[in-house]
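Single-structure report; data block below.
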Amino acid sequence: MSHRLLIAGGGIGGLATALAAARAGWQVQVLEQAGVFSEVGAGVQLGPNATRVLRSLDCLDAVAARACAPLRLVARDALRAQTLGTLPLGDAFAARYGAPYLTVHRADLQAVLLQGLQGSRAGLEVDLQTARRITAVQDQGEGVQAQCEGGAAFGADALIGADGLWSAVRPALVADGPARPSHHVAYRALVPLDRLPARWQVPEVTAWLGPHLHAVTYPVRGGTLLNVACFVEQPVEGPQQGWDLPGTSERLRAALGAVCDPLQAVVEAAPRWGLWVLHDRTPVAGAHEMARGRIALLGDASHPMRPYLAQGAAMALEDALELGQCLGGVRDRVMDTETALQRYALKRWQRVARVQRRSWRNGQIFHATGPVRLARDLAMGQLGARLMDLPWLYAH
């Protein structure tokens, strides 16, 4: 008996789901609204919980070949450049959690997943379609249907909404309207490392913490580029939807103020800045917000989160692997499709809600002022790695 899965969205979460479901014996069709499969040019951190998923999908070696393996995670004062705390990474960290900590360009990660779907893997049945913008979805009881612009319709036994923050599938499950814009914005850039002083050649992830702001820097593309993301509290005029709105260095410099010289140097070296207005949803309240009937959500379509725990991509990858395992139960006739999707939601909703809450809380800590900032710095100085290491997250 064939089992057909329709996936809305061809980003990291959608492609990982396609790979996991195809390996579980399902016929998969991916509908991507863009004309090509592409990712916004920015970096992503992959903790051991994410790289462990990539290993399960036989993609880790290919990703590691394009990524960087930072030696440590460092928190620094954005105004004085003082080190607040350090978490060693590298081989010891990988041995403790059974998988490495990597930093990678999002496009490189997506390219590896595409190769896994398009390669010569025996038995994978995957149809990748572009320029398919979904306008409506319907659970018909015995199956699902997605209607696209231009009149094309696609049917399957189940539908997965992996179509991101502005999901066209989400309203079929959760009637909470569009995501809400916040007053936090991110300026993002990729800086050639050969433009920067030698101190920037050290492979590390650095979080620069300041009042009402923070920045994160780390290498990607084998150490040739430095990914820079500056998060500030700033009102934004004009368009607010999208992951790469045009940003200006003048507005960023005004928001950063008198940050330390090393951070100023990297801001000045950036060839261009993209702007991203952070949007919020309340944390997932129950399994019913992740799956109902023959439709399920994953990644940002289900649980968008502020990037202050560096877990957005990781949660989508975890979702994909769990969903593939549950769909394998349908192939083995252990459960029906609706039960498999419900089981996926039951196993995921509490964890993703916890990560959503913790990500929001980290933003408050990173941007702290006054006595809270002093207490944070004191705690970091005394406890350092114990505060920065997160076994509940990385050992999952």
Side-chain angles (χ1 to χ4, degrees), residues 8-17 38-54 59 63 67 73 101-110 112-113 160-167 170 179-182 184-188 205 207 214-218 220 227-231 241-244 274-284 289-290 297-323 348-363 366 390 392-394 396:
I12 290 169
L15 295 181
T17 302
S38 64
E39 273 285 352
V40 173
V44 61
Q45 298 179 59
L46 300 174
N49 55 313
T51 55
R52 194 175 299 112
V53 172
L54 294 174
C59 292
V63 171
L73 174 61
Y101 196 113
L102 300 177
T103 57
V104 64
H105 196 293
R106 295 182 71 93
D108 291 341
L109 174 55
Q110 186 188 45
V112 169
L113 294 171
I160 308 302
D163 48 345
L165 184 64
W166 315 111
S167 172
R170 181 181 176 92
R180 301 178 300 274
S182 74
H184 286 217
V185 299
Y187 290 84
R188 305 188 303 180
V205 178
H214 79 284
V216 180
T217 56
Y218 53 83
V220 295
N227 184 81
V228 184
C230 298
F231 300 89
Q241 294 188 15
W243 302 107
D244 198 23
L275 180 65
W276 167 27
V277 180
L278 274 60
H279 286 66
D280 288 323
R281 291 192 186 276
T282 56
V284 177
E289 291 190 356
M290 292 191 70
L297 302 174
L298 64 77
D300 284 351
S302 171
H303 44 75
M305 55 191 65
R306 295 193 181 185
Y308 301 158
L309 196 58
Q311 285 291 309
M315 289 301 105
L317 290 169
E318 285 188 15
D319 287 349
L321 186 63
E322 187 65 59
L323 183 57
R348 291 298 298 159
W349 80 267
Q350 289 176 306
R351 177 166 170 83
V352 299
R354 181 180 184 183
V355 175
Q356 284 179 295
R357 290 191 295 269
R358 184 64 177 267
S359 299
W360 184 86
R361 177 173 171 265
N362 270 11
F366 291 173
L390 302 171
W392 68 269
L393 181 64
Y394 298 138
H396 181 77

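Every value quoted in this text rests on a predicted model; they were computed, and no experiment measured them.
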> Who are the salt bridge (charged side-chain N to carboxylate O under 4.0 Å, His left out) partners of Arg351, not counting sequence neighbours?
Replying inline: Glu318
>> Go through it in stages, so that I can follow the logic: the residues are Asp319 and His303, the test is side-chain contact (heavy atoms from CB on, under 4.5 Å), and I'd like the CA-CA distance, side-chain angles, deciding distance and then a yes or no.
In response: CA-CA 11 Å; Asp319 287 349; His303 44 75; 2.6 Å; yes
>> Contact between Gln356 and Pro304 at the side-chain level, heavy atoms closer than 4.5 Å - yes or no?
In response: yes
>> Against Asn227, only a single residue in Thr103, Val216, Val205, Val220 fulfils side-chain contact (heavy atoms from CB on, under 4.5 Å); can you say which?
In response: Val220
> Among all residues two or more places apart in sequence or in another chain, which pass the side chain to side chain contact (heavy atoms under 4.5 Å, CB included) test with Ala207?
Replying inline: Leu209
> Should Tyr187 and Leu275 be marked as a side-chain contact (heavy atoms from CB on, under 4.5 Å) after you check the CA-CA gap, both sets of side-chain angles, and the distance that decides it?
Replying inline: CA-CA 5 Å; Tyr187 290 84; Leu275 180 65; 3.8 Å; yes
>> Between Val112 and Val104, does the side-chain contact (heavy atoms from CB on, under 4.5 Å) criterion hold? Intermediate values first, please.
In response: CA-CA 11 Å; Val112 169; Val104 64; over 6 Å; no
> What pair of heavy atoms forms the shortest contact from Ala179 to His279, and how long is it?
Replying inline: O-CD2, 3.6 Å
>> Tell me every residue that passes side chain to side chain donor-acceptor pair (under 3.5 Å) with Thr217, counting only those two or more places apart in sequence or in another chain.
In response: Trp208
> If you look at every heavy atom in Ala215 and Cys230, which pair is closest and at what distance?
Replying inline: CB-SG, 4.0 Å
>> If I compare all heavy atoms of Val44 with all of Ala313, which pair ends up nearest, and what's the gap?
In response: CG2-CB, 3.5 Å
> Quick one: side chain to side chain contact (heavy atoms under 4.5 Å, CB included) partners of Ala316, sequence neighbours excluded?
Replying inline: none
>> Suppose we screen for side chain to side chain contact (heavy atoms under 4.5 Å, CB included). Which residues come up paired with His184, at least two apart in sequence or across chains?
In response: Ser182, Glu233, Leu278, Arg306, Tyr308, His367
> For the side chain of Tyr101 and the backbone of Leu73, is there at least one donor-acceptor N/O pair under 3.5 Å apart?
Replying inline: no
> Does any N or O in the side chain of Gln110 come within less than 3.5 Å of the main-chain N or O of Gly10, such that one atom is a donor and the other an acceptor?
Replying inline: yes
> What residues form a side chain to side chain contact (heavy atoms under 4.5 Å, CB included) with Ala162, not counting sequence neighbours?
Replying inline: Ile7, Leu298
>> Using 0.5 Å steps for rounding, measure from the CG atom of Asp108 to the CG atom of Leu113.
In response: 11.0 Å
>> Any non-hydrogen side-chain atom of Leu54 less than 4.5 Å from a side-chain atom of Leu102?
In response: no
>> Test of understanding: with ring-ring contact (aromatic ring centres under 6.0 Å, His included), list the residues that count as partners of Phe366, not counting sequence neighbours.
In response: His214
>> If I take atom CZ from residue Arg180 and atom CZ from residue Arg281, how far apart are they, to the nearest 0.5 angstrom?
In response: 8.0 Å
>> So which atom in Arg357 and which in Pro283 form the shortest heavy-atom distance, rounded to 0.1 Å?
In response: CG-CG, 3.6 Å
> To the nearest 0.5 Å, what is the distance between CG (Leu309) and CG (Leu393)?
Replying inline: 5.5 Å
>> Nearest 0.5 Å, please: how far is CG in Leu317 from CG in Leu109?
In response: 6.0 Å
> Between CG of Asn49 and CG of Leu390, what distance do you get to the nearest 0.5 Å?
Replying inline: 9.5 Å
> By side chain to side chain donor-acceptor pair (under 3.5 Å), which residues pair with Ser167, not counting sequence neighbours?
Replying inline: Asp163
> Roughly how far, to the nearest 0.5 Å, is CG of Leu165 from CZ of Arg170?
Replying inline: 9.0 Å
> Taking only residues two or more places apart in sequence or in another chain, which ones pass side chain to side chain donor-acceptor pair (under 3.5 Å) with Glu289?
Replying inline: none
> In chain order, what residues pass the side chain to side chain donor-acceptor pair (under 3.5 Å) check against Arg358, with sequence neighbours excluded?
Replying inline: none
>> Set out, in order, the CA-CA distance, both residues' side-chain angles and the distance that settles side-chain contact (heavy atoms from CB on, under 4.5 Å) for Trp392 and Val355, then state yes or no.
In response: CA-CA 10 Å; Trp392 68 269; Val355 175; 4.0 Å; yes
> Quick one: salt bridge (Lys or Arg N to Asp or Glu O under 4.0 Å) pairs with a partner in residues 42-52, sequence neighbours left out?
Replying inline: none
